[in-house]
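Below is one structure, written out as structure tokens; the observations come after it.
The figures that follow rest on heavy atoms only: side chains count, while hydrogens, waters and symmetry mates do not. Throughout, residue positions are numbered sequentially from 1 according to the sequence presented.
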Amino acid sequence: MWKHATETDIAEVAAAIGDPSRARVLRALADGGVLPASALAAEAGVSVSTISGHLARLREAKLLTVEHDGRHRYYRLASTDVARALEELARIARPLPVRSLSDSVRAQALLRARLCYDHLAGQLGVALLAALVGGGVLASAGGGYRITPAGLGTLGGFGVEAEEFSRRRPAIRYCVDWAENRHHLAGALGAALARRLFVLDWLRRGRARRVVHLTEAGRTGLHETFGVPFDWDTSPA
């Protein structure tokens with residue numbers, strides 16, 4: 001469809017993201033979850049009648065998709081590429097002002113460990129990728145990473161069969177973490193590892209959206225399995 005285009009319309013997407021209410025909607029969905037319009041209205045700080053226009057604009061810009069469940073509609077980010085774009089924008093954006101103690105606590109929790117769509121980000125995500133490379137599960141390759149033969153065995157023993165990843169999605173990608181300015185692991189492997197951490201109860205969702213926290217079992221397990229440093233705060237966030 002676009003094979004004859006020479007440039008893309010960045011302005012259209014930027015304008016869709018640029019409204020503060022729409023930006024809050026996108027941030028609320030940045031953990032890969034789905035939410036109804038009423039919840040997104042609360043996140044954006046606008047009325048339910050107002051949010052419908054914002055959601056329509058985001059869908060027109062191909063930033064959101066909608067899922068139907070009977071008479072109910074649930075919204076999610078359109079793709080992992082949207083999540084990656086938001087992460088990159090966050091790297092060059094000014095921090096939001098911290099106006100309360102609860103804002104400060106949430107901000108620190110997001111820096112420590114959060115979901116970036118379907119994979120782990122923040123200080124913990126960066127530490128996990130560094131440990132995977134340091135332990136020989138992954139190796140640097142052409143500006144990115146590859147799974148080593150030994151790594152296939154380690155991942156399989158952990159319950160992640162990397163050889164079964166779908167060809168429709170790259171096995172390994174990375175995001176430059178907006179807070180750490182270092183890589184965290186994305187792609188099919190990043191998503192599979194995050195799912196496995198939740199299944200094992202090594203990782204739990206926090207009270208604030210996108211925030212996750214490491215359990216005591218997770219702190220021990222990640223250290224013993226992959227060599228992630230042991231000094232992690234496991235208090236709920």
Side-chain angles (χ1 to χ4, degrees), residues 1-2 9 12-87 89-90 102 106 109-110 113-122 125 159-161 164-171 173 175 186-213 215 236-237:
M1 180 179 179
W2 307 110
D9 191 356
E12 178 193 11
V13 176
I17 297 173
D19 179 88
S21 295
R22 292 195 288 272
R24 286 191 286 270
V25 166
L26 294 170
R27 282 200 302 271
L29 295 170
D31 63 355
V34 297
L35 289 172
S38 57
L40 292 171
E43 290 284 342
V46 299
S47 67
V48 174
S49 59
T50 299
I51 200 66
S52 60
H54 288 308
L55 295 174
R57 181 69 182 279
L58 290 169
R59 288 182 66 195
E60 289 170 3
K62 309 299 184 185
L63 297 172
L64 293 187
T65 59
V66 62
E67 300 174 2
H68 297 269
D69 182 8
R71 293 185 299 173
H72 301 286
R73 290 183 169 192
Y74 295 91
Y75 296 85
R76 67 162 68 245
L77 294 188
S79 68
T80 56
D81 286 334
V82 176
R84 285 169 61 86
L86 294 174
E87 188 81 3
L89 285 172
S102 61
R106 181 175 182 275
L110 283 168
R114 66 183 183 279
L115 289 179
C116 175
Y117 197 69
D118 56 3
H119 54 271
L120 186 60
V160 173
E161 298 296 338
E164 298 179 6
F165 289 155
S166 169
R167 293 181 180 274
R168 292 175 296 179
R169 182 180 184 186
R173 296 182 76 173
C175 297
L189 178 57
L193 284 171
R195 285 195 302 271
R196 186 62 177 155
L197 292 176
F198 281 117
V199 168
L200 293 172
D201 197 36
W202 289 9
L203 202 65
R204 293 178 183 172
R205 291 182 181 270
R207 291 184 289 267
R209 203 172 303 283
R210 291 191 292 154
V211 170
V212 295
H213 70 88
T215 64

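Between R27 and E43 there is no salt bridge, since none of the side-chain N atoms of the basic residue sits less than 4.0 Å from a carboxylate O of the acidic one. A salt bridge links D31 and R205; the closest N-O separation between the charged side-chain nitrogens and carboxylate oxygens is under 4.0 Å. Of the charged side-chain nitrogens involved, none lies within less than 4.0 Å of a carboxylate oxygen, so that R173 and E87 do not count as a salt-bridged pair. A salt bridge does not link R73 with E67: every distance from a Lys NZ or Arg NE/NH1/NH2 to an Asp or Glu carboxylate oxygen is 4.0 Å or more.
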Could you walk me through whether L200 and R196 pass side chain to side chain contact (heavy atoms under 4.5 Å, CB included), step by step? CA-CA 6 Å; L200 293 172; R196 186 62 177 155; 3.8 Å; yes
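Of the listed residues (R195, R84, R169, R210), just one forms a salt bridge (charged side-chain N to carboxylate O under 4.0 Å, His left out) with D118, and that residue is R169. None of V25, V34, L86 except one satisfies the side-chain contact (heavy atoms from CB on, under 4.5 Å) rule with L77; the exception is L86.
Using a distance-only test at 3.5 Å, with no hydrogens or angles considered, a donor-acceptor pair links the side chain of D9 to the main chain of E12. Of the possible polar contacts, none joining the T65 side chain to the A78 backbone as a donor-acceptor pair under 3.5 Å is found. A donor-acceptor pair is defined here as one N or O able to donate and one able to accept, closer than 3.5 Å; such a pair exists between the side chain of H119 and the backbone of C116. Although no hydrogens or angles enter the test, the distance criterion places no donor-acceptor pair under 3.5 Å between the side chain of R114 and the main chain of L120.
We find the CG-CZ distance between L203 and F198 to be 4.5 Å, quoted to the nearest 0.5 Å. Considering OG of S21 and CG of L55, their distance stands at 10.5 Å, rounded to 0.5 Å.
Closest approach of A28 to R209, counting heavy atoms only: O-CD, 2.9 Å. The shortest non-hydrogen separation linking L40 to I51 is O-CD1, 4.0 Å. Minimum interatomic distance between L58 and R22 (heavy atoms only, all atoms of both residues): CG-CD, 3.8 Å.
A donor atom on one side chain and an acceptor atom on the other are not found under 3.5 Å apart for H213 and R204.
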